[in-house]
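Read through the structure below, which is laid out as structure tokens, and then see the notes.
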2 protein chains.
Amino acid sequence: MRKGASGRNELIAAIAEVFRAHGYAGASLALITEATGLGKGSLYNFFPGGKDEMAAAVMAHIDHWFEDEVFSPLRETKNPQEGISRMLAATDAYFHSGRRVCLVGAFALDDARDRFAAEIRSYFGRWVADLAGALRRTGRQEAQAERLAEESVAGIQGALTLARAFDDPDVFSRTMASIRERLGAADI
Amino acid sequence: MRKGASGRNELIAAIAEVFRAHGYAGASLALITEATGLGKGSLYNFFPGGKDEMAAAVMAHIDHWFEDEVFSPLRETKNPQEGISRMLAATDAYFHSGRRVCLVGAFALDDARDRFAAEIRSYFGRWVADLAGALRRTGRQEAQAERLAEESVAGIQGALTLARAFDDPDVFSRTMASIRERLGAADI
DNA sequence: ACTCGTTTGTACCAATCGGTACAAACATCG
DNA sequence: CGATGTTTGTACCGATTGGTACAAACGAGT
């Protein structure tokens, strides 16, 4: 890797955008070559496993980012309401306020789900479980916390879909505001 | 068409399942041939425009079904609460209680969105607008009705994503129950 | 039985797919 | 400078892609 230690992360980020825009099947090596400026020789040098390994690396990269910025604040912040606020802010930033799509969600719909079933399940599973944990710590009952967490994550995913469908990021912002309210309101 | 008038609808339904399972890019003619039992000769006889026309026919087919079973009850049922109930029941039936995926939603994420932007926007637009109309007729204020409708449709889409991700249709059923409650509760 | 339009299978096309091979160009370090 | 391991571009591979051509098989009407 020529460009120093951060080169691989930037490379993975560039590849991620291709998968995001075209899905697994639609992300051809030609598109990846174009997006990264790297020929097939380099690509297969960094990812000997080919397209599959590239997608796996992208998934792992996303997973780490969410673990650090979204999930772990939910678990480890002393004040659960602050953890929830941090997760909402990070989520909003990550999805560029609705202009960006969730690759894991897109893979879940597509037949890439079979390939990455474990990673997809783990990603959403931790999101829901960690949010439910924070909600419990605000005083909510377990069943209610679980349901609210599930609905919130689903709401975020659905809002991303609708924002893309309408080509209108405001849909996402409005839904995020509403979710923030539902999650914040009662700490009964 | 040999098999009578309903043959085309069945053909479109079979093709729809291929797009649903593999996305636009992943739905190869080989898969469509296999799923329909029809050779390329027949396929291009019925859809001279090729894959694009097949996808367009599938989209139109879905659009008509939702118009008849989901949107129009929202607009035309005298009692708006009954219209909402009918739309929820039809939605649950269509998505096989969470075991089936929303093709329009999947296309919205994928790069098929560019091809079918108008159809996708119209589909979700009518869903939200007609639901908001019914909510207004229950006595809600316009702004609140609009927001609730948008969140409900987003919630349905997100629940489909999560149900696929967890491979657990119950996620969808739970979310649908919760949406039913939110939509039914107050007719203030 | 004969015709006529539809439906079907097969063979074929150029383009692109993901992937491999490998030698030239490179950076790094003694 | 020379040696060594990494990075890169190019050429190539068989398989598959979406799409076309077309003659044989078919069904319905007379």
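- A salt bridge is defined here as a Lys NZ or Arg NE, NH1 or NH2 lying under 4.0 Å from an Asp or Glu carboxylate O, and A:Glu151 with A:Arg182 meets this definition.
- Taking the ring centre of A:Phe66 as origin, the terminal cationic atom of A:Arg126 falls outside the region bounded by 6.0 Å and 45° from the ring axis.
- With respect to A:Glu17 and A:Arg100, a salt bridge is recorded, a charged nitrogen being found less than 4.0 Å from a carboxylate O.
- We find that A:Glu142 and A:Arg147 are not joined by a salt bridge, their nearest charged nitrogen and carboxylate oxygen being 4.0 Å or further apart.
- Taking atom CZ of A:Phe46 as the reference point, atom P of D:dT6 lies 12 Å away to the nearest angstrom.
- Nucleotide C:dG18 holds its P atom 12 Å from the NE2 atom of A:His22, rounded to whole Å.
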Base-contact (B) and sugar-phosphate-only (S) positions in nucleotides 17-23 of chain D, heavy-atom cut-off under 4.0 Å, - elsewhere: SBBB---
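- Ring orientation note: the planes of B:Trp127 and B:Phe71 are tilted relative to one another, at an angle of 30° to 60°.
- In this structure, A:Asn45 places its CG atom 15 Å from P of D:dG5, rounding to the nearest Å.
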